[in-house]
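These notes concern the structure reproduced below.
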Amino acid sequence: MSEEKIGILGAGSWATALVKILSNNAPQINWWARKQETIDHIKKYRHNPNYLSDIELPVEKINLYTDLKLAIASSDILLIAVPSAFMSESFKGLTKDDFKGKMIFSLIKGTLPDKKLMVSQYFESHFEVNLNTFGMIAGPCHAEEVALEKLSYLTVACSDQIAATKMAKLLNCRYIKACTSNDMQGIEYTAALKNIYAVASGICHGLGNYGDNYQAVLVANAIQEIKRFIDIAYPTVRDTNLSAYLGDLLVTAYSQFSRNRMLGSMIGKGYSVKYAQMEMNMVAEGYYAVKTIYTLNQNYKVDMPICDAVYRILYEKMSPSVEIRLLSERLA
């Protein structure tokens, strides 16, 4: 796989971090960004002007594209790092032929809000991508810490374990340790679900009268909700105490870099959802994920009191203080 051409789609913080990581092992990287001015800036100044601008990018190893079709056609392996809310719009001109013969790995920890689909489901239904050629890269790994070269861990999940192992080797470097899993769907759902619970954690923090003791109970109940849901959605033998599940939940619920915790904290402090999103100027995937999961759960009927509370706060404009107080009576 190291001789195959790697394409990174997206120009946000995770895409920028990926370029940094993969430049350690990949001789050449194809990188798609939507805006020409972003590309021009990267070429001239060797850093992304909008995200992780402290990272010096090895431009001699990077082929930059604004033409999405051409970037895909030039690559054998695609790493998708476009925010889920913008995916349908970004990919609307593509067809199944564009993805034929490609190995695809998603780094998107969210759902497509307009279609109520997971990213793998979107590729399967819209582009006829065989899920044996689709993988997920996840884990407790914030792009900001990658930029600082702080030791981080990733899990490459794919039913094709040969492809997963090769991808893990490409990611492994001095500050990244990557392992593999065959639970692609479970890890994909977990990556979306943990953002919902990070919003809940942030709401409790923003309210001000829920401390570390309560946060611990909240997160302990959250991993139980995650397990109940993914065990129904995709039954298999899995250990949700591993880093791709519990670890990712913990870092997103507690980290200063968590966008979802930040969104929740602002709402807990009294901001409206719309104003909080405008103030952040970043995508908090949990906002979209909770609507998708809430809708899906109408069929699964999994007991998910934390998820339900976040949905009511974000979409039904229920009082955060009332919802969290009622939720606290159900936690143990």
Original post:
How far apart are the C-alpha atoms of S53 and N48, what are their side-chain angles, what is the distance that settles it, and do they pass the side chain to side chain contact (heavy atoms under 4.5 Å, CB included) test?
Top reply: CA-CA 5 Å; S53 57; N48 187 333; 5.9 Å; no

Subject >> Straight-line distance of L296 CG to Q121 CD, nearest 0.5 Å >> reply: 7.0 Å

Original post:
Is the closest side-chain donor-acceptor distance between Q161 and T180 under 3.5 Å?
Top reply: yes

Original post:
Got a donor-acceptor contact below 3.5 angstrom from the S258 side chain to the T252 backbone?
Top reply: yes

Original post:
Under 3.5 Å, side chain of N195 to main-chain N/O of A289, donor-acceptor pair present?
Top reply: no

Subject >> NZ/K169: more than 12 non-hydrogen atoms of other groups inside 6.0 Å >> reply: no

Subject >> Intermediate values then yes/no, side chain to side chain donor-acceptor pair (under 3.5 Å), D114 and S88 >> reply: CA-CA 8 Å; D114 54 337; S88 294; 3.0 Å; yes

**OP:** May I ask you to check whether N132 and D160 show a side-chain donor-acceptor distance below 3.5 Å?
**Re:** no

Original post:
Got a donor-acceptor contact below 3.5 angstrom from the W14 side chain to the A81 backbone?
Top reply: no

Original post:
Considering residues, nucleotides and ligands other than K291, do more than 12 of their heavy atoms fall under 6.0 Å from its NZ?
Top reply: no

**OP:** Begin with the C-alpha distance, continue with both residues' side-chain angles, and end with the deciding distance and a verdict on side chain to side chain contact (heavy atoms under 4.5 Å, CB included) for D303 and R330.
**Re:** CA-CA 11 Å; D303 182 32; R330 296 200 56 188; 2.9 Å; yes

Original post:
Roughly how far, to the nearest 0.5 Å, is CD1 of I313 from CE of M318?
Top reply: 9.0 Å

Original post:
Rounded to the nearest 0.5 Å, how far apart are CE of M136 and OG1 of T190?
Top reply: 9.0 Å

Original post:
Looking only at heavy atoms, which two atoms of Y294 and Y311 are closest? And how far apart?
Top reply: CE2-CE2, 3.5 Å

Original post:
For Y45, does the OH atom have more than 12 heavy-atom neighbours from other residues, nucleotides or ligands under 6.0 Å away?
Top reply: no

Original post:
Are F134 and F105 close enough that their ring centers fall under 6.0 Å?
Top reply: no

Original post:
Is there a side-chain contact between L242 and L246, using heavy atoms and a 4.5 Å cut-off?
Top reply: no

Original post:
Would one find more than 12 heavy atoms of other residues, nucleotides or ligands at under 6.0 Å from atom CZ of R46?
Top reply: yes

**OP:** Show your working on side chain to side chain contact (heavy atoms under 4.5 Å, CB included) between D54 and H47 and close with a plain yes or no.
**Re:** CA-CA 7 Å; D54 289 340; H47 68 85; over 6 Å; no

Subject >> N/O donor-acceptor pair under 3.5 Å between W31 side chain and A71 backbone >> reply: no

Original post:
Can a donor-acceptor pair be found between the side chains of S201 and Q215 at a distance below 3.5 Å?
Top reply: yes

Subject >> Between Y175 and N24: side-chain donor-acceptor atoms closer than 3.5 Å >> reply: yes

**OP:** Could you tell me whether the side chain of V290 reaches within less than 4.5 Å of the side chain of V199, counting heavy atoms only?
**Re:** no

Original post:
Given the rule in the side chain to side chain donor-acceptor pair (under 3.5 Å) test, do R259 and S13 qualify, once you have shown the distances and angles that lead to the verdict?
Top reply: CA-CA 12 Å; R259 300 174 184 182; S13 56; 2.9 Å; yes

Original post:
For K166 and E4, what are the C-alpha separation, side-chain angles and deciding distance, and is it a salt bridge (charged side-chain N to carboxylate O under 4.0 Å, His left out)?
Top reply: CA-CA 11 Å; K166 289 180 178 179; E4 294 178 285; 5.7 Å; no

Original post:
Is the backbone of L94 close enough, under 3.5 Å, to the side chain of D98 for a donor and an acceptor to pair up by distance?
Top reply: no

Original post:
When you measure from the side chain of K116 to the backbone N and O of P113, does any donor-acceptor pair fall under 3.5 Å?
Top reply: yes

Original post:
Can you check salt bridge (charged side-chain N to carboxylate O under 4.0 Å, His left out) on D76 and K5, steps first, answer last?
Top reply: CA-CA 5 Å; D76 304 304; K5 298 172 184 175; 6.0 Å; no

**OP:** Decide if atom CG of D212 counts as having more than 12 heavy atoms of other residues, nucleotides or ligands within a radius under 6.0 Å.
**Re:** no

**OP:** Using the six-membered ring wherever Trp is involved, compare the ring planes of Y275 and Y271 and label them parallel, tilted or perpendicular (cut-offs 30° and 60°).
**Re:** parallel

Subject >> Closest heavy-atom pair and its distance - A192, M118 >> reply: CB-CE, 4.0 Å

Subject >> Flag side-chain contact, heavy atom, 4.5 Å: I6 against L22 >> reply: yes

Subject >> Between CZ on residue F123 and CD on residue E128, distance to nearest 0.5 Å >> reply: 13.5 Å

**OP:** Using distance alone, with no hydrogens and no angle criterion, decide if E285 and S84 have a side-chain donor and acceptor under 3.5 Å apart.
**Re:** yes

Original post:
So, E225 versus Y197: side-chain donor-acceptor pair below 3.5 Å or not?
Top reply: yes

Original post:
Does the side chain of S152 come under 3.5 Å of the side chain of E145 through a donor N or O and an acceptor N or O?
Top reply: no

Original post:
Minimum heavy-atom separation for I267 to A276, with atom names?
Top reply: CG1-CB, 4.5 Å

Original post:
Linking I/L/V/M/F/W/Y whenever any side-chain heavy atoms sit under 4.5 Å apart, do L170 and Y153 land together?
Top reply: no

Subject >> Heavy-atom check, side chain of K109 versus side chain of D248, under 4.5 Å >> reply: yes

Original post:
Taking all non-hydrogen atoms of both residues, which atom of S120 and which atom of L131 are closest, and how far apart?
Top reply: O-CD2, 3.7 Å

**OP:** With the side chain counted from C-beta on, respond yes when L64 and D40 share a heavy-atom pair under 4.5 Å apart, and no when they do not.
**Re:** no

Subject >> Check: E188 and M184 side chains under 4.5 Å, non-hydrogen atoms >> reply: yes

**OP:** Determine, stepwise, if the pair Y245 / Y189 fulfils ring pair (Phe, Tyr, Trp, His ring centres under 6.0 Å).
**Re:** CA-CA 10 Å; Y245 310 90; Y189 266 116; over 10 Å; no

Subject >> Any donor-acceptor N or O pair under 3.5 Å, side chains K61, S23 >> reply: no

**OP:** Would you check if there is a donor-acceptor pair between the side chains of S75 and N30 at a distance under 3.5 Å?
**Re:** yes

Original post:
Heavy atoms, side chains only, cut-off 4.5 Å: are F91 and F99 in contact?
Top reply: yes

Original post:
Are side-chain heavy atoms of V219 and Y254 found at a separation under 4.5 Å?
Top reply: yes

**OP:** Might you point out which heavy atoms bring G286 and N260 nearest each other, and give the distance in Å?
**Re:** N-OD1, 2.7 Å

Original post:
Between the main-chain N or O of I230 and the side-chain N or O of R238, is there a donor-acceptor pair closer than 3.5 Å?
Top reply: yes

Subject >> Rounded distance (nearest 0.5 Å) linking atom CG of N297 with atom OG1 of T292 >> reply: 12.0 Å

Original post:
Does any donor atom in the side chain of H205 or S265 lie under 3.5 Å from an acceptor atom in the other side chain?
Top reply: yes

Original post:
Between CG of L154 and CD1 of I137, what distance do you get to the nearest 0.5 Å?
Top reply: 7.0 Å

**OP:** Test side chain to side chain contact (heavy atoms under 4.5 Å, CB included) on V129 and K96 and set out the steps.
**Re:** CA-CA 7 Å; V129 169; K96 64 180 182 180; over 6 Å; no

Original post:
Does NZ in K115 sit with more than 12 non-hydrogen atoms of other residues, nucleotides or ligands closer than 6.0 Å?
Top reply: yes

Subject >> Flag, side chain of R228 to backbone of V302, donor-acceptor distance under 3.5 Å >> reply: no

**OP:** Write down the atom of A143, the atom of A17, and the distance for their closest heavy-atom approach.
**Re:** CB-CB, 3.9 Å

